[in-house]
Amino acid sequence: MEKLGIAITGSGSAIPETAVDNQALTQLVETSDEWIATRTGIRQRRLAMATESLSTLAATASSQAIAAAGIQATDLDLILLATSTPDDLFGTACRIQAELGATKAVAFDLTAACSGFVFGLVTAAQYIRTGVYQNVLLIGADILSRWVDWTDRRTCVLFGDGAGAVVLQANDRDRLLGFALRSDGTQNHYLNLAYTASSQDLIPDVNVAKGNYQPITMNGKEVYRFAAQKVPEIIDKVLFQANLSVDQIDWLLLHQANQRILDAVAQRLNIPEHKVISNLANYGNTSAASIPLALDEAVRQGKIKPNDIIATSGFGAGLTWGAAIFQWGR
């Protein structure tokens, strides 16, 4: 019989070697370790050096996930790369496919900013549930340091670089217990990495735009308000869909944007602190990488065990948000 359920069978992660603590940022902008830590919970972040690439970080995380799942790269049918910061605007998933030697896999990028991993998880699940593919590699990776204005103290203290990956496989039992995805483009202007153009005259009466991107801009207050309201709401909805109570959740794994958001969501859902996974003190906001990075760390520390029920939610630019509830392992 065809297996049409999904299981998440392996995880991996990779971070740049260079760590920059809050104290170091005081050389760039007027801030302090205390100011950053009390408002965000962040103590340090990892930054990719000019010689490092997204594809290398992603391939390292992917190799770990493939090994943990007990398969070979040649077993993969699909590679999904959730990123907003590809090495190449045409996409970076195919380059990762080549680096891994995943010769059978079709590969493409998916962009949903900080919601990217959750959106990718749901997308991957559809390919497996319809019987099209059996083995899917989902990567969340971002190098936001490339696009941060290092003179803007409201944003430069928040972001870090990293990659995380999971392998999803066809399974007799469906371990994805529920999900919901949302978008609200009317709030798009609160968080952007916007295209900016300089006009170029080609020939008389023909004027084109020469492309570039401006650094990240964010209305922190509005994004915080949005996350604190929408995330508990959507997790509630998915709990209902999965026919689960809050008490049955073993772990709350949110996008690692701000400790105050994590605390507010947990409080609204009545989830105790010891069930909340948080590693943003060490990594900052790594966008699409944050959920798989925290997941892999918790799995390797032995915190997350097979059959544990995890409620996860991503939220960010778009504005987009989504939640999924899954059981870890086969």
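Please read all numbers here as calculations on a predicted model, not as lab measurements. In this chain, numbering begins with 1 at the start of the sequence shown.
- More than 12 heavy-atom neighbours from other residues, nucleotides or ligands sit within 6.0 angstrom of CD on Q214.
- D109 places no side-chain N or O within donor-acceptor distance of the main-chain N or O of A82, the cut-off being under 3.5 Å.
- Counting heavy atoms of neighbouring residues, nucleotides and ligands inside a 6.0 Å radius, atom CD of E34 does not exceed 12 of them.
- Note: H255 NE2 to L280 CG = 9.0 Å, rounded to the nearest 0.5 Å.
- Without hydrogens or angle criteria, Q200 side chain to S198 main chain gives no donor-acceptor distance under 3.5 Å.
- Enclosure of atom CZ in F90 is not indicated, since only 12 or fewer non-hydrogen atoms of other residues, nucleotides or ligands lie within 6.0 angstrom.
- Of the N and O atoms on the side chains of R330 and Q169, at least one donor lies less than 3.5 Å from an acceptor on the other residue.
- Both L176 and V118 belong to a common hydrophobic cluster when Ile, Leu, Val, Met, Phe, Trp and Tyr are linked at side-chain heavy-atom distances under 4.5 angstrom.
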Inset, instruction - Check step by step if side-chain contact (heavy atoms from CB on, under 4.5 Å) holds for I42 and V157. - result: CA-CA 8 Å; I42 298 164; V157 302; over 6 Å; no
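- In this structure, Q327 contributes its side chain and L177 its backbone to no donor-acceptor pair below 3.5 Å.
- For the atom pair CZ of R129 and CG of L168, the computed distance is 10.5 Å after rounding to the nearest 0.5 Å.
- Between D142 and the choices S290, S287, P86, C114, the side chain to side chain contact (heavy atoms under 4.5 Å, CB included) rule is met once, by S287.
- Closest heavy-atom contact between I235 and A311: CG2-CB, 4.4 Å.
- Residue V276 comes nearest to A266 through the heavy atom pair CG2-CB, 3.7 Å, listed as atom of the first residue, atom of the second, then distance.
- With no hydrogens or angles considered, a side-chain donor-acceptor pair links D263 and Q259 at under 3.5 Å.
- Heavy atoms from other residues, nucleotides or ligands lying under 6.0 Å from CZ of F226 number more than 12.
- Distance CH2/W321 to CZ/R182: 7.5 Å, rounded to 0.5 Å.
- Annotation: Q72, atom CD; neighbour count of heavy atoms from other residues, nucleotides and ligands within 6.0 Å does not exceed 12.
- Side-chain contact of S11 with Q64: a donor-acceptor pair under 3.5 Å is absent, judged by distance alone.
- Looking only at atom types and distance, the side chain of T286 has no donor-acceptor partner in the side chain of Q256 under 3.5 Å away.
- Following chains of ILVMFWY side-chain contacts shorter than 4.5 Å, one can reach M218 starting from V231, so the two form part of one hydrophobic cluster.
- In this structure, a donor-acceptor pair under 3.5 Å is present between the side chains of E297 and Y283.
- Residues A264 and Y224 come closest through the heavy atom pair CB-OH, 3.9 Å.
- Between the side chain of Q187 and the main chain of L319, no donor-acceptor pair closer than 3.5 Å is present.
- Side chain of N258 to backbone of R260: a donor-acceptor contact under 3.5 angstrom is found.
- The closest donor-acceptor contact from the side chain of Q44 to the backbone of N22 lies at 3.5 Å or more, if one exists at all.
- We find the CD1-CG distance between I216 and L158 to be 9.0 Å, quoted to the nearest 0.5 Å.
- Other residues, nucleotides and ligands place more than 12 heavy atoms under 6.0 Å from the CD atom of Q126.
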Inset, instruction - Give the C-alpha distance, both sets of side-chain angles, the deciding distance and a yes or no for side-chain contact (heavy atoms from CB on, under 4.5 Å) between L76 and I71. - result: CA-CA 8 Å; L76 293 173; I71 62 171; 4.0 Å; yes
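- V148 is connected to L28 through a chain of hydrophobic side-chain contacts under 4.5 Å among Ile, Leu, Val, Met, Phe, Trp and Tyr, so both are in one cluster.
- Using a 3.5 Å distance cut-off with no hydrogens or angles, the side chains of T56 and S53 do pair a donor with an acceptor.
- Taken to the nearest 0.5 Å, the OG1 atom of T9 stands 8.5 Å off from the CG atom of N171.
- Side chain of K275 to backbone of I249: a donor-acceptor contact under 3.5 angstrom is found.
- Under the 3.5 Å distance criterion, the side-chain polar atoms of T83 are matched with a main-chain donor or acceptor of A141.
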Inset, instruction - For D77 and K104, run salt bridge (Lys or Arg N to Asp or Glu O under 4.0 Å): C-alpha distance rounded to whole Å, both residues' side-chain angles, the deciding distance at 0.1 Å, then the answer. - result: CA-CA 6 Å; D77 303 304; K104 261 176 59 190; 3.8 Å; yes
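- Around the CZ atom of F240, the shell of radius 6.0 Å holds no more than 12 heavy atoms that belong to other residues, nucleotides or ligands.
- Contact between A65 and A165 at its shortest, heavy atoms only, is CB-O, 3.7 Å.
- Cluster annotation: L121 and I128 are assigned to the same hydrophobic cluster (Ile/Leu/Val/Met/Phe/Trp/Tyr, side-chain heavy-atom contacts under 4.5 Å, transitive).
- Judged purely by atom type and a 3.5 angstrom limit, D184 uses its side chain to pair as donor or acceptor with the backbone of T186.
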Inset, instruction - List the steps, then state whether side-chain hydrogen bond (donor to acceptor under 3.5 Å, both in side chains) holds for D87 with S55. - result: CA-CA 7 Å; D87 293 331; S55 57; 3.3 Å; yes
Legend entry - ring-ring contact (aromatic ring centres under 6.0 Å, His included) between W147 and F159, worked out: CA-CA 10 Å; W147 300 106; F159 299 105; over 10 Å; no
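- I291 and I310 fall within the same hydrophobic cluster, where Ile, Leu, Val, Met, Phe, Trp and Tyr residues are linked whenever their side-chain heavy atoms come under 4.5 Å apart, directly or through other members.
- Listed for the S115 side chain is a donor-acceptor partner under 3.5 Å among the backbone atoms of T320.
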Inset, instruction - Evaluate the salt bridge (Lys or Arg N to Asp or Glu O under 4.0 Å) criterion for residues D250 and K303: first the C-alpha distance (whole Å), next the side-chain angles of each, then the deciding distance (0.1 Å), finally the verdict. - result: CA-CA 10 Å; D250 294 301; K303 277 170 78 168; over 6 Å; no
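- Within a 6.0 Å sphere centred on CG of N207, heavy atoms belonging to other residues, nucleotides or ligands number more than 12.
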Inset, instruction - Would you sort out whether L144 and T85 count as a side-chain contact (heavy atoms from CB on, under 4.5 Å), showing the intermediate values? - result: CA-CA 7 Å; L144 286 173; T85 56; 3.8 Å; yes
Inset, instruction - Kindly indicate, with the supporting measurements, whether the criterion side-chain contact (heavy atoms from CB on, under 4.5 Å) is fulfilled by Q229 and I234. - result: CA-CA 9 Å; Q229 183 200 340; I234 201 165; over 6 Å; no
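- Between R45 and N285, the side chains place no donor N or O within less than 3.5 Å of an acceptor N or O (distance only, hydrogens not considered).
- Looking only at atom types and distance, the side chain of W251 has a donor-acceptor partner in the side chain of D308 under 3.5 Å away.
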